[in-house]
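If you're wondering where the values come from, they're calculated on a predicted model, not measured in any experiment. In this chain, numbering begins with 1 at the start of the sequence shown.
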Amino acid sequence: IANDARLTPLASDLARQHPQRVQRVAATASSSPVSHDAAALPWLWWIDGTCTAVSEITARLAGRVYPSSIGRGTGALSQVVRELSASIRARRVAGGLLFVPNAAKAMCFANRCTSLRAVVGTCDEAVEQGIDELGTNVLVVEYPHHGPRAMGAMVERMLQQNPKAPPQVERELVDLHRCG
């Protein structure tokens with residue numbers, strides 16, 4: 001159990017009954033459930049529509065990103081989110097890059113999946129905050145509102161990190177998932 005985890009009364013009783021089977025440990029890189037190769041995992045990308053800047057960015061990053069198998073278009077968004085979520089859970093990708101004309105539906109759909117933590121790339125600071133505070137693993141970019149340089153910087157920053165939510169955020173997300 002993580003050192004800073006708060007146990008329910010039932011879990012506390014169980015831990016006291018079986019001290020040889022339950023112990024608190026400090027979080028380390030080796031105890032992380034994410035593979036130590038997670039930083040080397042590719043990122044999946046998808047676009048709703050077309051954009052020359054996105055084509056250039058993804059072509060330049062061809063070894064680090066690969067396109068979704070789902071076709072382009074608004075109706076495909078829910079399928080893309082399912083594919084991305086499954087790929088992250090199976091550790092085939094580290095995260096996803098979704099390029100959309102409007103982020104509302106993409107954010108709503110992505111953040112319904114327990115394995116996804118999406119942030120809208122409004123600016124470099126928003127991306128950095130998502131990485132630092134949430135361990136975000138999905139970047140949603142409204143491509144009509146950003147130039148190639150700004151989009152490229154946000155994408156590069158996402159690819160530099162190993163997306164891992166802080167333990168407190170993971171606990172809060174599990175708790176929020178129960179609110180239905």
Side-chain angles (χ1 to χ4, degrees), residues 1-12 14-15 22 24-48 64-71 73-100 102-122 126-142 154-155 157-180:
I1 300 171
N3 240 353
D4 61 344
R6 289 187 346 192
L7 298 178
T8 64
L10 184 61
S12 293
L14 182 67
V22 180
R24 291 190 178 267
V25 295
T28 64
S30 63
S31 69
S32 170
V34 175
S35 158
H36 47 282
D37 297 318
L41 287 175
W43 287 65
L44 183 128
W45 71 272
W46 178 80
I47 187 168
D48 177 2
R64 297 165 58 197
V65 301
Y66 73 88
S68 166
S69 63
I70 310 299
T74 307
L77 181 59
S78 63
Q79 291 175 296
V80 170
V81 169
R82 282 186 191 93
E83 175 191 26
L84 178 56
S85 179
S87 295
I88 287 173
R89 282 192 319 270
R91 309 232 194 283
R92 290 189 299 268
V93 299
L97 308 167
L98 304 177
F99 300 95
V100 295
N102 182 303
K105 190 183 278 189
M107 288 298 294
C108 182
F109 286 10
N111 284 324
R112 290 289 296 168
C113 297
T114 56
S115 61
L116 304 182
R117 296 174 309 282
V119 65
V120 179
T122 55
V127 174
E128 197 64 42
Q129 185 177 16
I131 290 168
D132 292 344
E133 294 180 15
L134 300 173
T136 189
N137 58 3
V138 179
L139 175 63
V140 177
V141 178
E142 293 178 322
M154 289 187 283
V155 168
R157 180 59 188 102
M158 283 295 288
L159 298 181
Q160 291 172 2
Q161 57 121 6
N162 181 5
K164 177 74 176 111
Q168 180 62 32
V169 169
E170 285 183 3
R171 285 191 295 279
E172 288 174 8
L173 289 172
V174 166
D175 187 50
L176 287 168
H177 186 67
R178 291 186 204 120
C179 72

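- In plain terms, the two heavy atoms of Pro166 and Gly135 that are nearest each other are CD-N, 4.1 Å.
- Of all non-hydrogen atoms in Gly96 and Trp43, the two that sit nearest each other are N-CE3, 3.3 Å.
- When each of Leu98, Ile47, Asp48 is checked for a side-chain contact (heavy atoms from CB on, under 4.5 Å) with Val80, only Leu98 meets the rule.
- Listed by chain and residue number, Val127, Thr136, Arg157, Met158, Gln161 satisfy the side-chain contact (heavy atoms from CB on, under 4.5 Å) test with Ile131 (two or more places apart in sequence, or in another chain).
- The side chain to side chain donor-acceptor pair (under 3.5 Å) search around Gln79 returns none, not counting sequence neighbours.
- Rounding to the nearest 0.5 angstrom, the gap separating the CG atom in Asn137 from the CG atom in Leu41 is 12.0 Å.
- A search for side chain to side chain donor-acceptor pair (under 3.5 Å) contacts involving Thr114 returns nothing, not counting sequence neighbours.
- Contact record, Gly71 with Trp46: O-NE1, 2.9 Å, taken as the closest heavy-atom pair.
- In this structure the side chain of Leu97 never reaches within 4.5 angstrom of the side chain of Val141, judged on heavy atoms.
- Atom OG in Ser69 sits 7.5 Å away from atom CG in Leu44 (nearest 0.5 Å).
- The two residues Val169 and Ala165 have their closest heavy-atom pair at CG1-CB, 4.3 Å.
- Exactly one residue among Leu84, Val120, Val119 makes a side-chain contact (heavy atoms from CB on, under 4.5 Å) with Val138. That residue is Leu84.
- Take Glu133 and apply the salt bridge (charged side-chain N to carboxylate O under 4.0 Å, His left out) test, not counting sequence neighbours, and it matches no residue.
- Under the side chain to side chain donor-acceptor pair (under 3.5 Å) criterion, Glu142 pairs with no residue, sequence neighbours left out.
- Considering all non-hydrogen atoms of both residues, Ala94 and Pro163 come closest at O-CG, 3.2 Å.
- The closest side-chain heavy-atom distance from Leu173 to Arg117 is below 4.5 Å.
- Heavy atoms only, all atoms of each residue included: Gly95 and Ile88 are closest at CA-CD1, 3.9 Å.
- Under the salt bridge (charged side-chain N to carboxylate O under 4.0 Å, His left out) criterion, Arg92 pairs with no residue, sequence neighbours left out.
- Partners of Thr122 by side chain to side chain donor-acceptor pair (under 3.5 Å), not counting sequence neighbours: none found.
- Judged as a salt bridge (charged side-chain N to carboxylate O under 4.0 Å, His left out), and not counting sequence neighbours, the contacts of Arg64 are Glu156.
- Considering only heavy atoms from C-beta on, Phe109 stays 4.5 Å or farther from Leu116 through its side chain.
- Listed by first then second residue, pairs satisfying salt bridge (charged side-chain N to carboxylate O under 4.0 Å, His left out) with a partner in residues 78-89 number zero, not counting sequence neighbours.
- Under the side-chain contact (heavy atoms from CB on, under 4.5 Å) criterion, Asp132 pairs with Glu128, sequence neighbours left out.
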